[in-house]
Every structure is written in C-alpha cells, then in structure tokens.
2 protein chains.
Amino acid sequence: MSSRFFPHDIIQTDAVLSLDEDTVLSTNEVDFSFIVWHSFPDRIVGYPARSHYWDNSKGRWGYTSKWTNEFSMVLTGASFYHRQVLLYIPRNICHLIYKWYYHYLYTHYLPTSLHSMVDHMANCEDILMNFLVSAVTKLPPIKVTQKKQYKETMMQQGSKTSRWADPDHFAQRQACMNSFSSWFGFMPLLHSQMRLDPVLFKDQVSILRKKYRDIERL
Amino acid sequence: MSSRFFPHDIIQTDAVLSLDEDTVLSTNEVDFSFIVWHSFPDRIVGYPARSHYWDNSKGRWGYTSKWTNEFSMVLTGASFYHRQVLLYIPRNICHLIYKWYYHYLYTHYLPTSLHSMVDHMANCEDILMNFLVSAVTKLPPIKVTQKKQYKETMMQQGSKTSRWADPDHFAQRQACMNSFSSWFGFMPLLHSQMRLDPVLFKDQVSILRKKYRDIERL
C-alpha cells in the first residue's frame with residue numbers, strides 16, 4: 001500500500017491527483033477541485049472526509065466516517081495534493097526555506113514500522129498521508145463538495161470487491177490512528193468546519209447558468 | 001463615507017465586523033463567517049459578492065451584481081476583516097515584516113482625491129476597501145454562503161430608505177471602478193470561484209444534526 005506514495009521520477013507535475021480504483025468522479029468535479037487546489041497547494045484537497053476524536057471511555061483516539069459538522073482527514077482515494085511542500089524554518093527575521101516532496105517524506109521520513117503496518121493490513125495509507133501533511137502544514141485538509149450518490153455507489157461496489165467490505169477494516173483504522181499518533185508524539189490532525197463549493201452551488205438560478213452544474217445533480 | 005474605516009484607537013480586537021445599517025444577519029451566520037475568517041485573517045470574509053469585468057465595447061472596467069460563477073469583491077456591508085495585515089518584503093532569503101492596519105492604509109495611504117470622490121457620492125467606500133485589500137494580499141476575498149431572502153429584504157428596504165434606491169448608484173459604482181484602477185495603476189481585484197459553506201450545508205441529513213442550521217433555511 002505504501003508504494004502508491006513512492007516518489008517516482010516520472011511524476012513531474014506539481015499537482016498529483018490520487019484516485020482509488022473504484023472512485024467515480026465527473027470532469028466537473030475534477031475541474032473544480034483542481035481550481036480549489038490552486039488556492040491551497042500545500043494541503044490535501046478532495047472529497048471523502050473523515051474525522052478523529054478522543055474516546056474518553058477507551059482512553060484512545062477514535063476514527064469516524066459519520067457525516068458530522070467537522071472533519072480532519074480527506075482520503076487520498078479521491079484528492080489532489082502537491083508533490084512538494086516548502087518548509088519554512090524561522091530564524092529571527094530570516095526564514096530558511098527547504099523544499100520537500102510529500103512522496104519523499106512519506107517514503108523516507110516515516111519509519112519502516114509504520115510502512116510495514118500499512119502494507120501488512122493493506123489499509124490506513126490514506127490516514128498516514130493525512131497525518132504527514134497536517135504535521136507539516138499545521139493545517140487541516142480542504143473538503144470539496146461531492147455528489148452524494150458516490151457513497152452508495154462505492155458501498156455497493158465495496159460489498160462485492162473492495163477492501164471496504166472487510167469487517168476488520170474499520171477496527172484496523174482505529175488502531176492506525178493510535179499507532180500513528182504514538183509515533184508522531186502528538187495528534188497532528190486538525191479539524192475544519194468548512195466545505196468548498198462553487199459560488200452558485202444550490203442557488204436558485206437556472207442550472208444552465210452554473211459552470212459546475214454536474215456537482216449538484218443527484 | 002470614508003470615516004467608517006477611520007483607524008479609531010478604540011478598535012482593539014483583531015477582527016472587525018463591518019455592517020451596514022440595514023444588514024440582517026443571524027447569529028449562525030456571524031458565528032460561521034467568524035470561523036471562516038480565522039482561516040483567512042488577512043482577507044475580507046463576508047456575504048454580498050460582486051464582480052468586475054473588462055467591458056470591451058466601452059473600453060473600461062465594468063461592475064456587476066449579477067449572480068455569476070465568480071466574484072472579485074465582498075461588500076463591507078456585511079463582512080469580517082482584520083484590523084491589521086502583515087506585509088512581507090522579500091530580501092533574498094530574509095523577509096522584512098511590516099505590520100499595517102487596513103483602517104490606517106485606507107485613511108492615510110489612499111489619496112484625498114479618492115476619499116473626496118467616495119464622500120461626495122456617499123458611495124463606493126466598499127469597492128475601495130476591496131481594491132486596497134486585494135492590492136495588499138494579491139488574493140481575492142472570501143465569500144461565505146448566505147440566506148437568499150436577504151437580497152429581497154435589502155431591496156425592499158432600499159426602495160424606501162437606503163442609498164441602493166438611488167438610480168445613479170450603479171452608474172457611480174461603474175465610475176468608481178475606473179477611477180480606482182486608474183489611481184492604483186492596475187486592476188488589483190482578482191476573481192474567485194469558491195464559496196465557503198458549513199460541512200453539512202444542504203446535505204440530506206437531519207437539520208438537527210447541523211450546527212449552522214439557520215443558514216440554509218429559506
């Protein structure tokens with residue numbers, strides 16, 4: 001699983017569009033999220049949002065896919081991110097600037113133990129990427145609105161073929177949250193309450209006037 | 001009109017909530033836009049969006065309040081902005097940092113000729129503030145979703161009492177666009193296609209689960 005983020009030399013564009021094999025996106029959706037990514041090039045910009053929370057009863061971090069009023073992860077099954085990131089190290093009024101690549105950081109900065117965990121379970125590589133990017137940026141990811149039938153479509157597909165059908169899948173992801181935060185030494189994920197929609201999204205004007213009209217069709 | 005942006009010593013909060021006398025906002029709307037402003041503290045964050053365009057037939061800048069797929073101004077009749085802004089002047093790998101206040105820049109950096117124009121017409125101070133902030137940030141403002149009946153409410157109120165009823169009002173605003181861009185020497189306004197909505201905005205889940213439920217009620 002970790003190999004999906006390997007820093008291949010062949011990747012020369014600034015933007016990386018990461019997709020799972022069963023992801024369904026319209027061209028409108030790709031176009032709009034690419035526009036949004038231009039405004040937030042150092043963050044993960046995409047569709048499926050998840051959240052973390054502190055589970056008091058169990059004394060550990062929890063993971064939820066419920067639709068709530070906030071999120072802290074955007075899954076890399078359908079998202080844009082920059083292949084590189086600029087790290088600013090403040091030194092008085094000067095800043096030393098380092099240019100890093102997210103794929104490079106994922107592959108060479110993160111330890112073998114986390115890679116092995118991800119590869120062994122064939123799970124959580126998307127959570128780990130969210131930990132990494134938020135640890136670097138100190139910012140939450142960006143959620144873009146999506147057509148709501150995807151969830152059902154993906155679950156139907158999942159019930160036949162994909163890894164989402166695995167009953168252990170969710171429990172594994174809970175475990176990942178805690179292993180990852182333990183290695184980082186803190187919880188880098190941050191919550192956001194905002195979603196990025198096209199300006200006229202769901203406004204009561206003719207659909208013909210809307211540039212990204214496919215996004216709001218059910 | 002220019003005095004609304006005077007740098008009064010009494011303003012000590014970082015956020016300034018600017019409102020016209022006939023603006024109607026719910027607490028949900030103020031709460032959400034304040035949350036959004038936290039993520040974009042150097043930009044104007046608010047509701048009524050307008051746009052500029054180049055009018056080829058007249059060879060001048062145009063101003064429009066039509067609901068289109070992009071905008072370049074958010075009117076200060078209902079918006080948040082920071083009382084100050086950090087200006088970074090790059091010097092090799094060092095950055096000199098100056099702290100300026102938008103009210104100070106509006107009052108002391110902009111020339112008397114533009115202040116006089118605004119005061120004489122009792123119009124365009126909101127456009128001028130958008131020119132100023134975009135010239136500083138090199139970024140467009142942030143539009144937050146709003147309840148749609150405001151437009152009608154404001155127009156009804158306008159037909160009785162407010163300056164929006166003045167038939168010259170729109171023509172004046174066209175003229176302002178061109179006077180302002182002439183003084184700046186370029187067009188600082190930039191377009192955006194994004195709107196900031198609460199995560200569950202218009203999603204098909206119970207309204208009771210939504211934190212900012214008033215925003216989407218018609």
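Computed from heavy atoms alone, side chains included, the values below leave out hydrogens, waters and symmetry copies. Order of the sequence lines sets the chain letters (A, B, ...), proteins ahead of strands, with each chain counted from 1.
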Open item on the list: Using the side chain to side chain contact (heavy atoms under 4.5 Å, CB included) criterion, which residues pair with A/Leu110? Sequence neighbours excluded.
Closed with: A/Tyr106, A/His115, A/Leu128, A/Leu132, A/Trp183, A/Phe184

- [ ] Can you sort out the partners of B/His191 under side chain to side chain contact (heavy atoms under 4.5 Å, CB included), two or more places apart, ordered by chain and number?
- [x] B/Ser51, B/His52, B/Glu70, B/Ser72

Task: Contact class of A/Val205 relative to chain B, heavy atoms under 4.5 angstrom - done: side chain

Open item on the list: Measuring from atom CD of A/Gln193 to atom NE2 of B/His38, what distance do you get when rounded to the nearest 0.5 angstrom?
Closed with: 10.5 Å

Task: Euclidean distance, B/Ser39 OG relative to A/Ile142 CD1, rounded to 0.5 Å - done: 7.5 Å

Open item on the list: Show the nearest heavy-atom pair for residues B/Val199 and A/Asn69, with the distance to one decimal.
Closed with: CG2-O, 3.8 Å

Open item on the list: Measuring only between side-chain heavy atoms, which start at C-beta, is B/Asp203 closer than 4.5 Å to A/Arg195?
Closed with: yes

Task: Residue selection (most heavy-atom pairs with chain B, distance under 4.5 Å) from A/Asp197, A/Val144, A/Thr68 - done: A/Asp197

